[in-house]
Amino acid sequence: MIFQTSVELDIDGKNVHVIFDMDTGMIGFTEISDSGRKEYSYQSGLPEFKIAFAKLMESVASTSHQSNVLICRKGKAAQLLQGYWSDVAPKS
């Protein structure tokens, strides 16, 4: 089963969705027009797609940053940094 979800981006004159693949963690874009659909990976997406995506994420982002070392592909380096930041972060 393919587990993907999409969100329409706010781009004037274009119907573009950012696609999140929940199984792979990959992000891409799909542009829909009268001539059909065009799919892009995140890396190959047009700059205007990435800007609209950044604005979308900014509008829903938390005011305090949280991370999750278990899903970080950096592995051991991320765990070391997590430990460091836990030690130096102000305690509430």
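One is the number of the first residue; the rest follow in order along the sequence.
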Quick check on the hydrophobic clustering: are [X] and [Y] connected, directly or via other members, by side-chain heavy-atom contacts under 4.5 Å?
X: Phe3; Y: Phe29; answer: yes
X: Ile19; Y: Tyr42; answer: no
X: Met22; Y: Val18; answer: yes

Looking at Asp10 and Ala52, what are the two nearest heavy atoms and their distance?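 Nearest pair, atom of Asp10 first, then Ala52: O-CB, 4.1 Å.
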
For Ser6 and His17, work out which heavy atoms get closest and say how close.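 Closest approach of Ser6 to His17: OG-ND1, 3.7 Å.
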
Could you grab the distance from atom [atom1] of [X] to atom [atom2] of [Y], nearest 0.5 Å is fine?
X: Glu48; Y: Leu9; atom1: CD; atom2: CG; result: 10.0 Å
X: Ile51; Y: Leu46; atom1: CD1; atom2: CG; result: 10.5 Å
X: Met26; Y: Gln43; atom1: CE; atom2: CD; result: 6.5 Å

Asn15 pairs by side chain to side chain contact (heavy atoms under 4.5 Å, CB included) with which of Glu8, Arg37, Glu31?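 Exactly one candidate clears the test, Glu8.
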
Aromatic plane relationship, Phe20 with Phe53 - under 30° parallel, 30 to 60° tilted, over 60° perpendicular: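 Ring orientation, 0 to 90° scale: tilted.
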
Would you call the rings of Phe49 and Tyr40 parallel, tilted or perpendicular if under 30° counts as parallel and over 60° as perpendicular?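 Correct class here is perpendicular.
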
